[in-house]
Amino acid sequence: MAHWLVKSEPKKWSWDDQVKAGKAGTYWDGVRNHSAKLNMMAMEERRPGLFYHSNEGKAVVGIVKVIKEYYPDHTDASGRFGMVDFQVVRPFKTPVTLDMIKGESALADMVLVNNSRLSVQPVKDDEWETVCRMGGL
DNA sequence: GCCAACGTTGGC
DNA sequence: GCCAACGTTGGC
């Protein structure tokens, strides 16, 4: 699996916050879900991922990349979970909304459509290309 | 180790 | 604000 999609509520962590963080990037902490954890563990440095705004916006707004691979989440007292660091790559010209994704038959199998609650998801190559094209990149 | 109860997420 | 989906917790 070549690409990823990460989700955040704009109230907690928005694209703008990610842009402000700049090259330093930010750690993607707070994940407390085993499926998401496994996906993070599979991430390789420099791999790009889609950045999705849940709840408000409900759209893929840009591309980030992994700048630090999976390591322990120091905010997790139990020590069971970890996190990765992301850095902004570039914003979409046009945000790709959930409606647009649902309306695109090539994206009918996206995890976002079928398991919207998973916060870190794999994205297939063809799905990746379709979403990027829809985003104007 | 099973399963009911509960909490959280996220679309609508 | 509601509710469905799903993950986690805790009693047995």
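By convention in this document, chain letters (A, B, ...) are assigned in the order of the sequence lines, proteins followed by strands, and residues within each chain are numbered from 1.
- Nucleic acid contact class of A:L118 (heavy atoms, under 4.0 Å, all strands): none.
- The distance between atom NZ of A:K58 and atom P of B:dT9, rounded to the nearest whole Å, is 17 Å.
- Among the candidates A:E44, A:M43, A:E45, the single residue satisfying the side-chain contact (heavy atoms from CB on, under 4.5 Å) test with A:R47 is A:E44.
- Protein atom NZ of A:K11 is 14 Å distant from nucleotide atom P of B:dG11, rounded to whole Å.
- Phosphate contact (OP1/OP2 of B:dT9, side-chain N/O of A:Y52, threshold under 4.0 Å): absent.
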What does nucleotides 1-8 of chain C look like as a protein-contact string, B for base, S for sugar-phosphate only, - for none, at under 4.0 angstrom between heavy atoms? ----BBSS
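- For A:E56 and B:dG10, the CD to P distance is 12 Å, given to the nearest whole Å.
- With sequence neighbours left out, the side chain to side chain donor-acceptor pair (under 3.5 Å) criterion links A:Q87 to no other residue.
- With sequence neighbours excluded, the residues that form a ring pair (Phe, Tyr, Trp, His ring centres under 6.0 Å) with A:F86 are A:W28.
- Between A:D73 and A:Y27, every side-chain heavy-atom pair lies at or beyond the 4.5 Å cut-off.
- Looking at heavy atoms from C-beta onward, A:F51 lies in side-chain contact with A:W13 at the 4.5 angstrom threshold.
- Atom C1' of nucleotide B:dG11 and atom CG of A:L112 are separated by 11 Å, given to the nearest angstrom.
- The distance from atom CE of A:M110 to atom P of B:dG11 is 12 Å, rounded to the nearest whole Å.
- Residue A:T26 is tested with A:M83, A:Q18, A:K20 for a side-chain contact (heavy atoms from CB on, under 4.5 Å); the sole match is A:Q18.
- A:K7 has a side-chain polar atom (N or O) that falls below the 4.0 Å cut-off from OP1 or OP2 of B:dG10.
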